[in-house]
S.K.: 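Next up is a structure, given as structure tokens.
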Amino acid sequence: MSEADRLARLSKLLKVVDIVFEVADARCPFTSRGSQVKKLIANKRALLILNKADLADPETTENWVKFFACQGENALPVDALRGKGLDAVRESLEREGRALAGLLKGKGRRRRPLRAAVMGIPNTGKSSILNRLLGKCAAARGNRPGITRGPQWVHLHGAISVLDTPGLLQPHLKEDDALFKLALIRAADPESYDQIDLSERLLSYLSVNYPQALLKHLRMAEAVPALESVAREKNFLSANGEYDLQRAAVFILSSYGKGKLGRISLEAPADFI
Ligand SMILES: Nc1nc2c(ncn2[C@@H]2O[C@H](COP(=O)(O)OP(=O)(O)OP(=O)(O)O)[C@@H](O)[C@H]2O)c(=O)[nH]1
Ligand SMILES: [Mg+2]
């Protein structure tokens with residue numbers, strides 16, 4: 001199915017949806033709100049979920065919640081791995097369900113389940129949120145983009161159905177800084193980027209914004225090591241006896257992805273004002 005057909009199919013499905021949960025990554029809530037998703041949900045009731053809040057700097061996430069509130073948007077920080085923050089999502093689903101029931105009753109129409117949808121760019125945790133809400137693994141998930149291949153209805157209980165959707169990433173992304181962040185959060189396939197370049201950019205970002213991260217969490221001897229120092233400290237050697245920078249790069253990137261460098265946000269509201 002072509003990209004255009006996929007979007008047309010989603011757009012058609014969205015017509016019957018009452019509310020959309022737009023899932024962004026709490027580490028970069030601005031950059032991880034895709035323009036395709038925005039366009040598709042422009043006329044829908046929507047609520048913003050800042051998922052993976054466990055990996056983001058809590059103070060920055062708080063600032064993001066205030067930033068979105070100033071723009072009239074309700075943003076809910078969530079940690080779908082541990083189920084934190086999902087009560088607020090459940091409450092809003094139930095509130096929407098009651099509002100729908102009242103509306104249908106007022107029009108003399110038969111009651112029907114509330115239809116919600118989770119949408120967002122790839123790998124933000126849409127399926128994980130659904131599974132958590134459901135209390136079981138109904139939707140496939142995994143730590144790379146493109147796990148959910150097509151839209152899939154999941155019935156939470158009699159009164160609520162939720163549509164899981166594949167991650168949508170606008171093609172031809174050009175902005176270098178955005179690509180750097182999207183590769184780090186694995187919304188864009190990190191394999192298609194130069195891992196050494198990516199990890200060096202991360203190290204340089206850390207040196208400015210979180211200078212203690214490597215000392216504290218990886219027990220590195222230097223606060224701002226070059227990739228070669230990482231390889232030396234970890235004893236990553238290639239076959240010819242040189243330091244294995246590729247392995248050091250993958251190590252730094254995967255440590256970041258797993259939260260092993262601490263809770264690190266990639267952008268703050270002040271960057272966009
Ligand atoms: N640390 C952390 N990891 C999470 C959280 N939510 C999901 N993950 C992990 O993120 C990865 C992606 O989760 P999915 O639920 O498959 O994401 P998705 O948005 O459905 O991805 P696509 O269907 O590929 O677009 C998995 O490895 C999850 O375990 C979270 O709140 N915190
Ligand atoms: Mg999915």
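Whatever order the structure lists ligands and atoms in, that order sets their numbers, starting from 1. If you read the sequence from its start, that first residue is 1, and numbering goes on from there.
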S.K.: Go through ligand 1 atom by atom and flag the ones less than 4.0 Å from a non-hydrogen atom of Ala80.
M.R.: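 Here the atoms of ligand 1 in question are 6 (N), 30 (C), 31 (O).
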
S.K.: Using a plain distance cutoff, I'd like to know if Asp164 has any nitrogen or oxygen under 3.5 Å from a nitrogen or oxygen of ligand 1.
M.R.: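 No, no N or O pair falls under 3.5 Å.
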
S.K.: One thing to verify: whether Arg9 and Asp5 come together as a salt bridge, which I'm taking to mean a side-chain N less than 4.0 angstrom from a carboxylate O.
M.R.: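 Answer for the salt bridge query: no.
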
S.K.: Counting heavy atoms only, which part of Leu55 comes closer than 4.0 Å to ligand 1: side chain, backbone, both or neither?
M.R.: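 Side chain only.
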
S.K.: In plain terms, say whether Arg33 and Glu73 are close enough for a salt bridge, that is, a side-chain N and a carboxylate O under 4.0 Å apart.
M.R.: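 Looking at Arg33 and Glu73, the cut-off is met.
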
S.K.: The criterion is side chain to side chain contact (heavy atoms under 4.5 Å, CB included); which residues satisfy it with Arg111, sequence neighbours excluded?
M.R.: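 Per chain and number, Arg111 pairs via side chain to side chain contact (heavy atoms under 4.5 Å, CB included) with Ala101.
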
S.K.: Any N/O/S atom, backbone or side chain, of Ser127 lying under 2.8 Å from the Mg ion (ligand 2)?
M.R.: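 Looking at Ser127, which is the residue asked about, there is an N, O or S atom under 2.8 Å from the Mg ion (ligand 2).
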
S.K.: Would you say ligand 1 has an N or O under 3.5 Å from any N or O of Pro122?
M.R.: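 The answer is no, given that Pro122 and ligand 1 share no N or O pair closer than 3.5 Å.
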
S.K.: Should the pair Asp18-Arg45 be classified as a salt bridge under the 4.0 Å nitrogen-to-oxygen rule?
M.R.: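 No, this pair does not count.
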
S.K.: Can you tell which of Asn123, Ile49, Asn51 gets a heavy atom nearest to atom 6 (N) of ligand 1?
M.R.: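 Among Asn123, Ile49, Asn51, the closest heavy atom to atom 6 (N) of ligand 1 belongs to Asn51.
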
S.K.: Using a 4.0 Å heavy-atom threshold (strictly under), name the region of Asp54 that reaches ligand 1: side chain, backbone, both or neither.
M.R.: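 Contact part for Asp54 vs ligand 1: side chain (C-beta onward).
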
S.K.: For Ser128, counting its heavy atoms only, list the atoms of ligand 1 lying under 4.0 Å from any of them.
M.R.: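 Taking each heavy atom of Ser128 in turn, ligand 1 has 6 (N), 7 (C), 13 (O), 14 (P), 15 (O), 28 (C) under 4.0 Å.
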
S.K.: Do Thr124 and Asp25 pair up side chain to side chain, a donor and an acceptor below 3.5 Å, judged on atom types alone?
M.R.: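 Result is no, nothing qualifies.
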
S.K.: Which of the numbered atoms in ligand 1 are under 4.0 angstrom from any heavy atom belonging to Asp79?
M.R.: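 The atoms of ligand 1 under 4.0 Å from a heavy atom of Asp79 are 30 (C), 31 (O), 32 (N).
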
S.K.: Enumerate the atoms of ligand 1 whose separation from the nearest heavy atom of Gly167 is less than 4.0 angstrom.
M.R.: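 Every atom of ligand 1 under 4.0 Å from some heavy atom of Gly167: 25 (O).
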
S.K.: Of Lys52, Arg27, Arg132, which has the heavy atom at the shortest distance from atom 9 (C) of ligand 1?
M.R.: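 Looking at heavy atoms only, the winner is Lys52.
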
S.K.: Suppose the criterion is salt bridge (charged side-chain N to carboxylate O under 4.0 Å, His left out): which pairs have a residue in residues 232-259, not counting sequence neighbours?
M.R.: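 Checked against salt bridge (charged side-chain N to carboxylate O under 4.0 Å, His left out) - neighbours excluded - the pairs reaching residues 232-259 are Glu222-Arg232.
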
S.K.: Can the ring centres of Phe236 and Tyr243 be said to be less than 6.0 Å apart?
M.R.: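 When the ring centroids of Phe236 and Tyr243 are compared, they turn out to be at least 6.0 Å apart.
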
S.K.: Would the distance check show the side chain of Trp64 and the main-chain N or O of Glu267 forming a donor-acceptor pair, the cut-off being under 3.5 Å?
M.R.: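 Confirmed, Trp64 side chain pairs with Glu267 backbone.
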
S.K.: With nothing but distance in play, are any N or O atoms of Ala53 less than 3.5 Å from an N or O of ligand 1?
M.R.: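 There is no such contact.
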
